[in-house]
There are 2 protein chains.
Amino acid sequence: MNIGEIARRAGVSRSTVSYALSGKRSISPETRARIQAVMDELDYQPSATARALSSGQTHTLGLVFPPASSHYTDMQLDFIGSLVEAAAGFGYDVLLAGSVGDGVQGLRRLVAERRVDGAILMEIRLDDARVDYLTDAGFPFVTIGRTGTPDRTRWVDMDYTALVGSCVRHLAQLGHRRIAFVNRSERLFRAGYESAHRSLTGFENACADQGVIGTPHLCGDDAASGEQVVARILAADPETTAVVTVNEAALGGLYRGLAAHGRKVPLDFSVTGIAASRWATAVTPQLTSADVSAAEMGRVAVELLLELLAAPGAAPRHVLLAPPVSLRASAGPAPESGN
Amino acid sequence: MNIGEIARRAGVSRSTVSYALSGKRSISPETRARIQAVMDELDYQPSATARALSSGQTHTLGLVFPPASSHYTDMQLDFIGSLVEAAAGFGYDVLLAGSVGDGVQGLRRLVAERRVDGAILMEIRLDDARVDYLTDAGFPFVTIGRTGTPDRTRWVDMDYTALVGSCVRHLAQLGHRRIAFVNRSERLFRAGYESAHRSLTGFENACADQGVIGTPHLCGDDAASGEQVVARILAADPETTAVVTVNEAALGGLYRGLAAHGRKVPLDFSVTGIAASRWATAVTPQLTSADVSAAEMGRVAVELLLELLAAPGAAPRHVLLAPPVSLRASAGPAPESGN
DNA sequence: TTGAAAGCGATACCAC
DNA sequence: GTGGTATCGCTTTCAA
């Protein structure tokens with residue numbers, strides 16, 4: 001079923017049907033009704049492909065899907081879900097590109113073959129080949145997370161530096177003087193994942209600022225690694241009384257490890273961090289944390305991108321989210337020293 | 001940059017360039033080389049849209065994304081990842097459709113506007129409106145999971161009935177006589193999710209078969225619900241000594257609940273189930289379970305669909321996976337009765 | 001082995 | 001307010 005058939009049955013020209021569809025020029029009520037009737041009867045829907053070829057717009061957004069080699073986290077899934085939902089709200093679909101290697105390959109398909117109008121990147125590295133590629137190609141894109149030189153691009157991100165700093169200050173005010181930091185995995189850190197690096201910076205700065213002794217640790221993104229890092233933390237400094245974590249996948253293991261080492265939370269050990277509230281509230285005692293809003297970031301990313309598509313010359317714009325630290329039950333006063 | 005420009009620069013006709021691209025007719029080595037040189041120089045990639053309009057094939061697979069209202073599970077993410085990866089291997093992209101209501105709406109976009117060549121459905125219900133819609137429309141599709149009348153469609157699924165049965169038998173052989181079952185949430189069960197229903201059937205059949213007393217429970221898909229279900233299990237039957245679970249998101253809470261009620265696993269309480277190995281190995285002690293291979297299911301789904309696209313009349317075909325139960329540390333002999 | 005030209009199904013400009 | 005038609009960038013049939 002195509003537009004010509006509709007035109008024929010309604011006894012009008014194809015252009016009239018097209019205008020009836022788009023509303024870009026006025027049509028007499030009778031004609032419009034006649035066309036509508038035919039469309040309804042045949043359950044006609046215009047071909048997205050033909051429309052795209054003719055108009056030059058696919059009404060599709062591209063998302064480079066993180067490689068499977070890194071196992072997925074809940075946050076990533078939430079991003080994708082909110083992205084799809086937000087895009088659907090604006091009449092856009094989302095096309096997934098599998099990423100091979102540095103991810104530029106998958107992007108190239110989307111961009112060079114003109115499958116999408118714009119792209120969204122996640123899992124950003126401080127130095128990111130995909131960002132360079134898109135910038136050079138002059139292709140519209142938005143990142144969830146930001147590179148080391150973020151001023152010329154559009155992005156939405158969490159203020160990891162500030163949030164980790166807040167956690168450290170909160171613990172310092174509770175009297176803690178020796179604080180450990182549980183970062184993401186060594187692999188991600190080495191690859192230059194921005195959140196891992198900016199979190200560490202925030203931790204170090206805040207510790208210096210507050211005059212507390214801070215020890216950072218890398219930790220795999222799974223419960224087993226979380227359990228193991230506790231041993232490393234206590235070996236590095238047995239006097240440690242608190243930890244800040246940005247590794248939600250390791251959270252359960254972290255708690256188990258503390259229990260295994262006889263540390264009761266929050267009585268003689270405090271835990272704070274950044275995590276999706278789903279994780280923060282799943283553990284016992286619930287985690288005092290800044291709650292990641294993956295859903296909000298996804299929505300904002302779509303808005304930033306559509307804004308750019310609507311006004312190709314639009315100035316770079318960013319949204320830096322810094323959710324408040326929700327005081328829950330996992331942090332308390334530092335135990336008396338020597339205890 | 002388009003095919004005409006390439007043709008002009010190479011001094012050949014557009015059709016020749018097209019054939020050079022597709023290899024559908026032989027071309028003299030010189031001509032081919034000349035065309036290739038021009039393409040390389042201009043970094044030419046044919047427009048996917050034009051190609052789709054002309055050929056009638058989008059080389060895109062549609063995936064109806066589960067609604068955000070149900071929070072996502074790791075399994076879903078793994079499906080999506082493996083789908084994207086498998087599809088990419090065959091030169092196909094994956095288009096996500098947000099699902100509103102019963103999901104037919106999102107599908108309609110993909111199908112009626114001919115955005116995709118075929119569709120993949122997940123989160124299947126025994127009675128599924130999306131399956132009916134696609135069947136009526138005569139549109140190629142594959143489901144991950146199967147409806148109540150699965151004989152006429154293509155699908156890949158886990159044999160929940162058999163796997164839960166295996167778990168029950170394993171426990172029965174270890175001497176357990178009172179076994180509880182932790183199913184998915186009431187909402188999913190009521191909605192008719194096939195896995196929740198087939199699991200329950202498997203549990204009931206196996207219990208009858210083995211002569212053990214089985215008590216099924218529904219349980220929300222989160223840790224807190226897992227913790228709560230333990231109280232319900234022990235209230236319903238304090239003599240319960242083992243549990244079978246298909247609710248991986250509740251697993252952590254389940255363990256915590258058992259500990260809170262003074263039950264040591266596997267000494268005086270055994271746990272078995274079906275879960276992604278990531279979850280099964282994350283808990284302590286590690287879970288004796290049949291490991292879901294979301295990645296394999298995703299891959300198989302793509303293969304089944306592409307097979308259908310290649311041969312539109314292809315007979316219905318299914319793949320029913322039944323991974324072995326991996327014996328880990330969470331199940332042991334039933335405690336002496338009266339203990 | 002190659003070229004010319006007719007689609008594919010829309011959009012939108014130019015006429016009337 | 002409506003119709004005719006060129007156009008988007010390919011694929012593929014028909015001819016040579």
Side-chain angles (χ1 to χ4, degrees), chain A residues 1-39 42-60 91 93 109-117 309, chain B residues 1-39 42-60 91 93 109-117 309:
Chain A
M1 190 49 42
N2 61 33
I3 203 171
E5 182 66 13
I6 303 294
R8 206 180 55 68
R9 300 210 191 198
V12 297
S13 74
R14 300 185 312 156
S15 54
T16 299
V17 176
S18 176
Y19 285 118
L21 236 24
S22 68
K24 289 189 179 173
R25 92 181 175 190
S26 54
I27 296 190
S28 78
E30 305 82 55
T31 307
R32 171 179 297 286
R34 200 144 29 91
I35 293 174
Q36 192 58 54
V38 175
M39 285 182 172
L42 300 185
D43 197 22
Y44 167 76
Q45 294 285 119
S47 151
T49 306
R51 199 167 239 186
L53 179 58
S54 172
S55 70
Q57 305 225 323
T58 60
H59 269 94
T60 302
D93 285 325
R109 276 179 57 97
L110 297 187
V111 173
E113 299 182 6
R114 282 142 291 172
R115 279 175 203 271
V116 299
D117 295 339
L309 293 181
Chain B
M1 191 47 43
N2 59 35
I3 203 174
E5 181 66 14
I6 303 293
R8 207 180 55 68
R9 301 210 190 197
V12 299
S13 74
R14 300 184 313 155
S15 54
T16 300
V17 176
S18 176
Y19 285 118
L21 238 21
S22 67
K24 289 188 180 173
R25 93 180 175 190
S26 55
I27 297 190
S28 77
E30 305 82 52
T31 307
R32 171 180 297 286
R34 200 142 29 90
I35 293 174
Q36 191 59 53
V38 175
M39 285 182 172
L42 300 184
D43 196 22
Y44 168 76
Q45 294 285 121
S47 150
T49 307
R51 197 166 244 188
L53 180 57
S54 167
S55 69
Q57 303 225 322
T58 60
H59 269 110
T60 302
D93 285 325
R109 277 179 57 99
L110 297 188
V111 173
E113 299 183 6
R114 285 141 288 173
R115 279 176 202 272
V116 299
D117 295 340
L309 293 180

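So you know, we letter chains A, B, ... as the sequences are listed, proteins then strands, and number each from 1.
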Asker: Would A:Thr60 and A:Asp93 satisfy side-chain hydrogen bond (donor to acceptor under 3.5 Å, both in side chains), going step by step from the backbone distance to the final call?
Answerer: CA-CA 5 Å; A:Thr60 302; A:Asp93 285 325; 5.2 Å; no

Asker: Taking only heavy atoms on the protein side, list every residue of residues 13-26 of chain B lying under 4.0 Å from any atom of DNA chain C, sorted numerically.
Answerer: B:Ser13, B:Arg14, B:Ser15, B:Thr16, B:Arg25, B:Ser26

Asker: Could you give the distance from CD1 (B:Ile6) to OG1 (B:Thr16), rounded to the nearest 0.5 Å?
Answerer: 13.5 Å

Asker: Identify, residue by residue, the members of residues 27-35 of chain B with a heavy atom below 4.0 Å from DNA chain D, and return them in order of residue number, or none.
Answerer: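 Contacts with DNA chain D under 4.0 Å: none.
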
Asker: Roughly how far, to the nearest 0.5 Å, is CZ of A:Arg51 from CG of A:Leu21?
Answerer: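 Reported value, rounded in 0.5 Å steps: 5.0 Å.
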
Asker: Which nucleotide span of DNA chain C, 5' end to 3' end, has atoms closer than 4.0 Å to non-hydrogen atoms of chain A?
Answerer: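 Nucleotide range with atoms under 4.0 Å of chain A: C:dG9 to C:dC14.
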
Asker: Taking the nucleotide of DNA chain C with the nearest heavy atom to each, does B:Ser55 or A:Ser55 sit closer to the 5' end?
Answerer: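 Closest to the 5' end, via its nearest nucleotide, is B:Ser55.
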
Asker: Measure across B:Met1 and A:Arg114 and return the closest heavy-atom pair with its distance rounded to 0.1 Å.
Answerer: O-NH1, 3.7 Å

Asker: Would you say the side chain of A:Val38 lies within less than 4.5 Å of the side chain of A:Glu5, judging by non-hydrogen atoms?
Answerer: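 The answer is no, as the side chains (C-beta and beyond) never meet within the 4.5 Å cut-off.
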
Asker: Could you measure the distance from the OG atom of A:Ser54 to the CG atom of B:Leu53? Nearest 0.5 Å is fine.
Answerer: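 Taking OG in A:Ser54 and CG in B:Leu53, the distance rounds to 9.5 Å.
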
Asker: Would you give the length of the straight line joining atom NE2 of A:His59 to atom CG of A:Leu309, rounded to the nearest 0.5 angstrom?
Answerer: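 The CG atom of A:Leu309 is 9.0 Å from NE2 of A:His59, to the nearest 0.5 Å.
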
Asker: Grab the CG-P distance between B:Leu53 and D:dC8 for me, whole Å please.
Answerer: 14 Å

Asker: Apply the side chain to side chain contact (heavy atoms under 4.5 Å, CB included) test between A:Val17 and each candidate in A:Thr31, A:Val12, A:Asn2; give the one that qualifies.
Answerer: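 Option passing the side chain to side chain contact (heavy atoms under 4.5 Å, CB included) with A:Val17: A:Val12.
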
Asker: Checking salt bridge (Lys or Arg N to Asp or Glu O under 4.0 Å) for the pair A:Arg34/A:Glu30: CA distance, chi angles, key distance, verdict?
Answerer: CA-CA 6 Å; A:Arg34 200 144 29 91; A:Glu30 305 82 55; over 6 Å; no

Asker: CG/B:Asp117 to OG/B:Ser55 distance, rounded to the nearest 0.5 angstrom?
Answerer: 8.0 Å

